[in-house]
Amino acid sequence: MKITTGGEIVVKSLLDQGVRYVFSIIGGQMGTIYDAIGKNPSIDVITPRSETSTALMACGYTVTTGLPAVAMCTVGAGVVYEVGGLIKAWLDYLPVISIAPQVQSYKMKPNQENLQACEQDLLFSPITKFNAIVYHWERIPQLINRAFREAASGIPGPVHLDIPVDVLFKHRFLTSQRKKRLLPPPHQSRYIGPIPGDAPSLEKACGLLKQAKKPVAVIGQGMGRAGRFPQIKACLERLEVPFLGTRLSAGAFDAEDSFFMGDAGSFANFEAGRKILEQADCLLIAGLDPESQQILKIAQNATIIQVETDPDALLGQETAAPVFADPESALNRLAEALARRKGRKPVAWKNKALKTGEAAAQQVLKAADGPIRTAFELLDGDSLKDCILVADGAPAAFAPAFLKSRKHAGGHIMDQGATAGAGLPYAIGAALGNPDRSVILLCDKESLFHHLRELQPAEELGAGITILCVDAAQGPNNAADLEKVLQGFGCHVHRAGEKISMANVLRHKGQAGAVLV
Amino acid sequence: MKTLSGSQVLARSIAGAGIGFVFTVAAPRLQPVVKSLTSIDGMTVIHARDETAAAMMADGYIRRSGRFAAVLTECHGRSLCQIAGVTNAWADKIPLISISLCDDQAPDANKGVNRSAYDANRVFEPVTVWRNRVSSLADAPKAFQDAVTHSQGSRRGPVHLDIEAGLLERQIEDEIPGLPQEGPVAHRKLTHLRTEGAESALGQAVKLLQTARKPLIMAGGGVKASGASLDVVQFMERYGVPGCTSMAGIGAIPADHAYCLGGPSYTAGEAFHAAIKQADVVLALGCSFSGLEGFGLPPLWSKKIKCIHVDNNPNQIGLNISPEIPVLGDVKTVLAQMAGMLEASSFVAPDAWANWRLFLSNLKRERKTRLHNFASRPWGALHQGLLALEMGKIVEKENLVMVIDGGNTPLYAAMYGPGMSPRQTFFPFGMAALGGGVPYAIGVALAAPEKRVMLITGDGSCLYAVSELETIQRLNLPITIVVNNDSSWNMIKALQDSLFECNYVGTCLPDIDYARIAAGFGLHGERVKSADQLAPAYERAVQSGGPALIDCVTDCKNLPDSLLSFAMVEFEGAQINPVKLVKSLWKGRDMGLSRALHQASYVRKALVGFNPMAKRRV
Ligand SMILES: Cc1ncc(C[n+]2csc(CCOP(=O)(O)OP(=O)(O)O)c2C)c(N)n1
Ligand SMILES: [Mg+2]
């Protein structure tokens, strides 16, 4: 029998779910959680220098590892910083688990001028798949398991739990038996496995695809990345249908994928690419997202097959074959059907589509200005092979086109319009999750400045990332001398041109290094 | 008829609402709006590096200037990043105008697969007093007028407007009703409802006050909002009533006034504790009885207190305490009415009040001496109290404006710092949120161009908005940043000391040279390790002619004694494991005997209230 606090139950539940890192800045109400973390060697706290980064680091960590990531910020004061980062998890379909303490359960709602408190459950509600307040100690494991389930199931996304301080500090004597009952094994808390899918609509989809002469696929929602059906690569190879990826799957496909046409954005903005889409007679969408929706609008003549892990995401009558299934299962079924197809494979169509994809990428790269091109030149070659590349700021617009023709998987494209400067904390999260890979942040000065402070914990953690920053285009009115600023944070700064190669800089792993273009 | 672009309509609507300062972060879609704004005479647009900071700068500007300012940002993450600043304004009831772009598509309440269709307006709901979404240019002028109006209704606080981004690309031919003509902006001052108190309520209030034996004035943020600081002080002096301030009311009564108990709320230590245990009548002025003040309720407050609660917001009265006499009204107006009634009845304060006052001021004096003696001991490293004391002297001598940030750091500043006037010291107390120091200093400096600003910040807090050192440098603002560098998130480390057997997790920071970081941004930076180096370092900082950062190395073993009082409120209702507590105290012996005794004397005098000497002295 052991005295167990609410905080210990939280940590035990997180451990059961396989959590290795909690991205967090402490607040007093989290005292028992931190105490329990400190006593357990298999789980650690990573402390950034602003709560916004807790969620952004968690994004970078989970998206590159497929492992669960937790952002934990203190009541009110902390969570209001966090939302600006968690929105990225929401927009990018990332299953980040957000947990925060609340003030006393008996006076948190409605707010009555408690120190630091606000009705944070309302704050999180619009940008999470699921959020709840844990009013009772006994419900902690159940609700944490539920949070993980909701985050990962269907279309992934962030979730949030509020746990009041009295619940976190409450302690009970717990017999091992009762503890067992309270904490069910995680595999009993949710379904993990394939979704073979809705058979009749799959059947129909097979029929439609078999008839298609000019099929195109779009892989969206980040499918293909770590933790989100990475085997889809092999399925697409078997399927032999030319496909586009969206920004969220940027890291998943590269030149080695024989049917990869590049990213949807570049392709759709390219005259010949548009034509291909207009000519397509069958459009297979796996994972609807804003970019695949754009493609859908262009491909007016195509019959639509849609594969979703969540039936709620299926479009209504627009889709001829709405398939609820996981994309690996569905694509395998479709590939089998195509293999049995009589008649000739649409080889000419495939070649044309792929060539157009190549041309679209070239056109994008041509538009890049000198410094950005120099940055890409630096990235070319073997140094890049096993790296994780996070692209942010102005270069991010060109990075998908650059990555398309390289044998390099592991690119991540930030959306400068949606969350500014997420690249740095995201890259740090990625570095933590991938200690044996180098992480390069390709960015510009504007984007780098948003979360510049995180260079300090990056250095402290030895999560050395290499920054390749386009410094030439002076952002509007940024007067700082970037070289000096970075040196102030202990970065080794090099200027491109002086016989510098990325391989050289990357050799000093664990140290923050920067190359300015 | 002239054709106007959406950006022009927006800019003119902002100006038309009397907003003369706009804080923003450069983004392509905002560029035309910014261009239109800057073409307006008298409009100032300030570019920050990050949206969170932009919002806090605007908040700081309003707090110091008493004039309207807005924060303008792009959509999604860029918009949500400003919530941290908006929330500070909400908790402290500051009428900040928050503006963001949003997607044109209608929000999807069902949270479907198109995630960008989340309802941005709703995210702001819990931390604003009013919100709206502008979907047509014709509505823009009124929307901004409404925003300004609602930001200072009975519920003062931030308001949020989402502007559909597509509007910026629109052109409009016809005249829009309510759109002001081109011309300079008439930068509006915040206004305040001058609500009179009802005669009947005031009659009872005056009667209760006259019968009091131990009266106490509690001044909250409402005193500052009402501009009634001087009136409160005069009232206290006229009748010899001792007074104190809530955290939000810091500076409403200068802490060094003879009748004031000292720093805000519990930072006044035993003087405040004795006052709220022994007072029989409390005249609470514009005070919300928040968690920072222990809600005005037992166990820290006496349950026998009869309270006269004066507030402009009917929903604030009775929220936490149940006042004997609720008075709806503006502090300044009501105080004048009460003074008039007391005069008319030729009221003379009884002798008992003088004794009561003397008792409290003895406690204050004794505490001050104890604190000063303690901080001035020959410690190995610079004591935070001494740091606050030395900096306080400079603030007082040079009449600087002060901004504070951190956990323990603000408590030290309040305990050891000088008496402040109402708009001289700034910290977002309601949220007690870290990280606002640099942006608040910028906002305050912009609102006080004739003054130097001193920011005293904890080391944990000082990096949150470090990118804005570029903004400080670019605008060449006269800001001196003083870092209390104790290499820890010390307020929380203290909790691990006392409850978790020194199991330090996530509270230790490495030895970081913040002066070097600041120097990277071009600021004058230096590191200081002893008290006698502080004044010369400050002198050099001023001599450098620009902004500067002084990194002061302090000892993480020190704790502000009054932290314990705040913790009692924060952890009310939380089960504390007594075995762990005892073990923690035992392990905490590294702290040293003298620190333990110092803290013990706080417990005895302030929390237990055992202080026989104090009674004897009266
Ligand atoms: C945004 C935010 N995050 C976390 C907290 C919880 N918190 C309160 S005090 C504190 C430590 C502050 O450290 P520092 O700034 O170094 O000041 P010190 O207490 O050391 O003086 C923390 C983490 C908070 N109040 N606000
Ligand atoms: Mg500190």
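Just so it is clear, the structure is predicted and the values come from calculations on it, not from any experiment. A note on names: the letters A, B, ... follow the listed sequences, proteins ahead of strands, and every chain is numbered from 1.
- Separating the CG atom in A:Asp392 from the CG atom in A:Leu448 is a distance of 8.5 Å, to the nearest 0.5 Å.
- Judged by distance alone, the side chain of B:Asp405 and the main-chain N or O of B:Gly436 form a donor-acceptor pair under 3.5 Å.
- Neither the backbone nor the side chain of B:Asn121 comes within less than 4.5 Å of any heavy atom in chain A.
- If you take CG on B:Leu469 and CZ on A:Phe449, they are separated by 9.0 Å, rounding to the nearest 0.5 Å.
- Proximity to chain B (any heavy atom under 4.5 Å) is restricted, for A:Asp481, to the backbone atoms N, CA, C and O.
- For A:Gln306, the side-chain contact (heavy atoms from CB on, under 4.5 Å) partners are A:Ile285, A:Leu288, A:Glu308, A:Leu314, A:Leu315, A:Thr319, not counting sequence neighbours.
- Taking chain B as the reference chain and counting heavy-atom pairs below 4.5 Å, the highest number among A:Val79, A:Ile155, A:Leu486 is found for A:Ile155.
- Proximity to chain B (any heavy atom under 4.5 Å) is shown, for A:Val103, by neither the backbone nor the side chain.
- Among residues two or more places apart in sequence or in another chain, the side-chain contact (heavy atoms from CB on, under 4.5 Å) test is passed with B:Ser288 by A:Glu113, B:Lys93, B:Ser290, B:Gln316.
- Between chain A and the residues B:Ile83, B:Thr52, B:Thr471, B:Thr507, the most heavy-atom pairs under 4.5 angstrom are made by B:Ile83.
- No other option in A:Lys484, A:Arg453, A:Gln221, A:Gln487 has as many heavy-atom pairs under 4.5 Å with chain B as A:Arg453.
- Heavy-atom pairs under 4.5 Å with chain A peak, among B:Gly460, B:Ala519, B:Ala91, B:Gly522, at B:Gly460.
- With a 4.5 angstrom heavy-atom cutoff, B:Tyr514 touches chain A only via side-chain atoms.
- One finds no salt bridge joining B:Arg49 and B:Glu468 here, because no Lys/Arg side-chain nitrogen approaches an Asp/Glu carboxylate oxygen to under 4.0 Å.
- Ion pairing between a basic and an acidic side chain is recognised when a charged N comes within 4.0 Å of a carboxylate O; A:Glu150 and A:Lys129 show no such pairing.
- A ring-centre distance under 6.0 Å is not found for B:Phe295 and B:Phe289.
- Comment: B:Lys580 engages A:Asp35 in a salt bridge, judged by a side-chain N to carboxylate O separation of less than 4.0 angstrom.
- Contact of B:Tyr504 with chain A is not made at all, since no heavy-atom distance falls under 4.5 Å.
- Interface remark: B:Val127 contributes side-chain atoms only to the contact with chain A (heavy atom separation under 4.5 Å).
- In this structure, chain B has a heavy atom under 4.5 Å from the side chain of A:Glu460, while its backbone stays farther away.
- A salt bridge is absent between A:Glu454 and A:Arg49: the closest approach of a Lys/Arg side-chain nitrogen to an acidic carboxylate oxygen does not fall below 4.0 angstrom.
- Between chain B and the residues A:Thr419, A:Asp166, A:Leu91, the largest count of heavy-atom pairs under 4.5 Å involves A:Leu91.
- Your options are A:Val45, A:Thr52, A:Thr74, A:Leu122, and the one with the most heavy-atom pairs under 4.5 Å with chain B is A:Leu122.
- Interface remark: B:Leu495 contributes side-chain atoms only to the contact with chain A (heavy atom separation under 4.5 Å).
- Both the backbone and the side chain of A:Lys170 have a heavy atom closer than 4.5 Å to some heavy atom of chain B.
- Interface remark: B:Ile512 contributes side-chain atoms only to the contact with chain A (heavy atom separation under 4.5 Å).
- For chain A, the nearby part of B:Val25 is the side chain; its heavy atoms alone come within less than 4.5 Å.
- Contacts of A:Thr5 with chain B are absent, with no heavy-atom separation under 4.5 Å from either backbone or side chain.
- Ranked by heavy-atom pairs shorter than 4.5 Å toward chain A, the options B:Ser461, B:Ser467, B:Pro510, B:Ala433 are led by B:Ser467.
- Looking at A:Ala117, the atoms closer than 4.5 Å to chain B (heavy atoms on both sides) all sit in the backbone: N, CA, C or O.
- In this structure, chain A has heavy atoms under 4.5 Å from both the backbone and the side chain of B:Ala432.
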- Task: Begin with the C-alpha distance, continue with both residues' side-chain angles, and end with the deciding distance and a verdict on side chain to side chain contact (heavy atoms under 4.5 Å, CB included) for B:His47 and B:Val34.
- Result: CA-CA 10 Å; B:His47 279 95; B:Val34 168; 3.9 Å; yes
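- Heavy atoms of B:Leu463 lying under 4.5 Å from chain A belong to its backbone as well as its side chain.
- In terms of heavy-atom pairs under 4.5 angstrom with chain A, the leader among B:Pro428, B:Ala27, B:Gly573 is B:Gly573.
- Look at B:Asp513 and B:Arg516 and you find no salt bridge, because none of the NZ, NE, NH1 or NH2 atoms lies under 4.0 Å from a carboxylate O.
- In this structure, chain B has no heavy atom under 4.5 Å from any part of A:Gln120.
- Looking at B:Leu434, only its backbone comes within 4.5 Å of chain A, counting heavy atoms on both sides.
- Between B:Tyr464 and A:Tyr81, the ring-plane angle classifies as tilted under the 30° and 60° cut-offs.
- Here A:Gln416 is the residue among A:Glu483, A:His451, A:Gln416 with the most heavy-atom pairs under 4.5 Å with chain B.
- The aromatic rings of A:Tyr21 and A:Phe23 are tilted relative to each other, their planes meeting at an angle between 30° and 60°.
- For chain A, the option among B:Arg78, B:Glu74, B:Glu501 with the highest count of heavy-atom pairs below 4.5 Å is B:Arg78.
- Figure legend: cation-pi geometry between B:Lys111 and B:Tyr118 absent, as NZ or CZ is not positioned both under 6.0 Å from the six-membered ring centre and within 45° of its axis.
- The contact between A:Ile25 and chain B is made entirely by side chain atoms (from C-beta outward), counting heavy-atom distances below 4.5 Å.
- The NZ atom of A:Lys88 sits 13.5 Å away from the CZ atom of B:Arg115 when rounded to the nearest 0.5 Å.
- From B:Asn490, atom CG reaches atom SG of B:Cys508 across 9.0 Å, with rounding to the nearest 0.5 Å.
- Both the backbone and the side chain of B:Ser116 come within less than 4.5 Å of a heavy atom in chain A.
- Put simply, of A:Asp415, A:Asn114, A:Ile46, the one with the most heavy-atom pairs under 4.5 Å next to chain B is A:Asn114.
- With a 4.5 angstrom heavy-atom cutoff, A:Tyr106 touches chain B only via side-chain atoms.
- Heavy atoms closer than 4.5 Å to chain B are found in the side chain of A:Gln104, but not in its backbone.
- Within the model, atoms NE2 of B:His76 and CG of B:Leu101 stand 10.0 Å from one another, a figure rounded to the nearest 0.5 Å.
- Using a 4.0 Å cut-off between a side-chain N of Lys or Arg and a carboxylate O of Asp or Glu, A:Glu8 and A:Lys39 do not qualify as a salt bridge.
- If you measure heavy-atom distances from B:Glu570 to chain A, the contacts under 4.5 Å come from both the backbone and the side chain.
- In terms of non-hydrogen atom pairs under 4.5 Å with chain A, the most contact-rich of B:Ile576, B:Asn88, B:Val113 is B:Val113.
- The existence of a salt bridge linking A:Lys109 and A:Asp121 is confirmed by a sub-4.0 Å separation between a basic side-chain nitrogen and an acidic carboxylate oxygen.
- For a residue to count as touching a neighbouring chain, one of its non-hydrogen atoms must lie under 4.5 Å from one of that chain's; by this rule A:Pro457 does not touch chain B.
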